[in-house]
Engineer: 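Before anything else, here's the structure in question.
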Amino acid sequence: MSDLLRELDAVLESRKRDADAGDSYVASLHAKGLNKILEKVGEEATEVILAAKDAERDGERQALVAETADLWFHSLVMLSHLGADSQDVLRELGRRFGLSGLEEKAARGTSQRGTSQ
Ligand SMILES: N=c1c2ncn([C@@H]3O[C@H](COP(=O)(O)OP(=O)(O)OP(=O)(O)O)[C@@H](O)[C@H]3O)c2ncn1[C@@H]1O[C@H](COP(=O)(O)O)[C@@H](O)[C@H]1O
């Protein structure tokens with residue numbers, strides 16, 4: 001799965017560098033700029049929330065999975081636009097792996113992870 005993300009990172013990077021906005025959806029997002037990309041991330045996040053509520057109600061998960069894929073994809077375009085990629089996020093998740101969120105929260109002050117209450 002990490003291989004797929006690496007391959008997608010490479011495609012996104014090449015679309016950002018070389019592709020024409022008329023031929024590539026990813027290139028068209030970069031051409032429109034960060035605000036358009038952030039608008040898409042926000043829109044997809046809202047769609048994930050709605051699909052999750054539907055899934056809770058009727059047990060149907062396919063739409064939720066599809067909307068989550070849209071959110072991940074647009075988040076990767078956002079990262080690419082700003083010079084980061086999926087491997088940076090995986091490294092951060094790896095750093096956190098095995099560290100209880102509750103323990104981390106109790107130790108906060110020496111850590112930078114999150115700022116919410
Ligand atoms: N994974 C994806 C992917 N997921 C979703 N999408 C596109 O995301 C778009 C947004 O979905 P919406 O329903 O919001 O579409 P919309 O309302 O027409 O969008 P807007 O007009 O609001 O921008 C759709 O056009 C989807 O096809 C994706 N487009 C591309 N990829 C990957 O990126 C690669 C490069 O794509 P291109 O740059 O288009 O070649 C592809 O080979 C795929 O691997």
Side-chain angles (χ1 to χ4, degrees):
M1 191 51 67
S2 170
D3 286 347
L4 173 63
L5 288 174
R6 269 184 214 282
E7 285 179 46
L8 188 51
D9 285 340
V11 170
L12 296 184
E13 187 59 29
S14 97
R15 294 294 196 270
K16 183 172 78 166
R17 286 175 190 279
D18 304 324
D20 191 280
D23 301 330
S24 153
Y25 175 69
V26 172
S28 78
L29 285 177
H30 289 298
K32 288 173 186 162
L34 180 62
N35 284 351
K36 177 63 184 180
I37 295 169
L38 296 179
E39 184 187 307
K40 293 301 297 178
V41 171
E43 198 178 298
E44 302 303 348
T46 301
E47 286 171 14
V48 166
I49 291 166
L50 296 175
K53 295 303 288 182
D54 287 348
E56 182 184 46
R57 224 174 5 254
D58 62 20
E60 171 52 55
R61 296 187 188 86
Q62 188 46 46
L64 176 60
V65 169
E67 296 299 349
T68 302
D70 281 350
L71 177 59
W72 285 19
F73 165 71
H74 285 90
S75 297
L76 291 174
V77 174
M78 173 192 68
L79 290 169
S80 170
H81 193 80
L82 296 169
D85 66 20
S86 70
Q87 301 309 303
D88 296 311
V89 177
L90 290 177
R91 264 191 298 278
E92 177 61 16
L93 288 172
R95 190 186 67 76
R96 296 176 185 184
F97 191 77
L99 174 64
S100 154
L102 296 177
E103 284 169 22
E104 181 279 333
K105 191 169 182 174
R108 207 172 281 166
T110 55
S111 157
Q112 274 292 326
R113 179 178 151 192
T115 53
S116 61
Q117 299 287 308

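Values below: all heavy atoms of this structure, side chains included; hydrogens, waters and symmetry mates excluded. Whatever order the structure lists them in is the order used to number ligands and atoms, beginning at 1.
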Engineer: Counting C-beta onward and ignoring hydrogens, is there a side-chain heavy-atom pair between Leu82 and Leu34 closer than 4.5 Å?
Structural biologist: yes
Engineer: I'd like to check Leu76 versus Leu79 (side-chain heavy atoms, cut-off strictly below 4.5 Å). Are they in contact?
Structural biologist: yes
Engineer: Does atom 27 (O) of ligand 1 have a protein non-hydrogen atom under 4.0 Å from it?
Structural biologist: no
Engineer: What protein heavy atom lies closest to atom 44 (O) of ligand 1? Include the residue and the distance to one decimal.
Structural biologist: Leu8 CD1, 3.7 Å
Engineer: Check whether any heavy atom of Glu44 sits under 4.0 Å from an atom of ligand 1.
Structural biologist: yes
Engineer: Within the structure, does at least one protein heavy atom fall under 4.0 Å of atom 6 (N) of ligand 1?
Structural biologist: yes
Engineer: Please work out whether any backbone atom (N, CA, C, O) or any side-chain heavy atom from C-beta onward of Phe73 is under 4.0 Å from ligand 1, and answer side chain, backbone, both or neither.
Structural biologist: side chain
Engineer: To the nearest 0.5 Å, what is the distance between NE2 (His74) and CE (Met78)?
Structural biologist: 11.5 Å
Engineer: Please check if a non-hydrogen protein atom sits closer than 4.0 Å to atom 13 (O) of ligand 1.
Structural biologist: no
Engineer: Which residue owns the protein heavy atom closest to atom 34 (C) of ligand 1, what's the atom, and how far is it?
Structural biologist: Val11 CG1, 3.9 Å
Engineer: How far apart are the closest heavy atoms of Leu12 and Ser80, and which atoms are they?
Structural biologist: O-OG, 4.1 Å
Engineer: Looking at Ala51 and Glu67, what are the two nearest heavy atoms and their distance?
Structural biologist: CB-CG, 4.0 Å
Engineer: State whether the shortest distance between N or O atoms of Arg15 and N or O atoms of ligand 1 falls below 3.5 angstrom.
Structural biologist: yes
Engineer: Could you tell me the residue and atom name of the protein heavy atom closest to atom 38 (O) of ligand 1, and the distance to it rounded to 0.1 Å?
Structural biologist: Ser24 OG, 2.5 Å
Engineer: Residue-level breakdown please: for Asp70 versus ligand 1, do any non-hydrogen atoms fall below 4.0 Å on the side chain, on the backbone, on both, or on neither?
Structural biologist: side chain
Engineer: Quick test of your reading of the model: are Asp88 and Arg91 salt-bridged, counting only N-O distances below 4.0 Å?
Structural biologist: yes
Engineer: Yes or no, since that's all I need: does a protein heavy atom fall within a distance strictly under 4.0 Å of atom 41 (C) of ligand 1?
Structural biologist: no
Engineer: Could you identify the single nearest non-hydrogen protein atom to atom 36 (O) of ligand 1 and state the distance to 0.1 Å?
Structural biologist: Val26 CG2, 3.9 Å
Engineer: Please state which protein non-hydrogen atom is closest to atom 10 (C) of ligand 1 and give its distance, to 0.1 Å?
Structural biologist: Tyr25 OH, 3.2 Å
Engineer: Of His30, Lys16, Lys40, Glu7, which has the heavy atom at the shortest distance from atom 22 (O) of ligand 1?
Structural biologist: Lys40
Engineer: State which residue, out of Leu71, Val77, Asp70, fulfils the side-chain contact (heavy atoms from CB on, under 4.5 Å) condition with Phe73.
Structural biologist: Val77
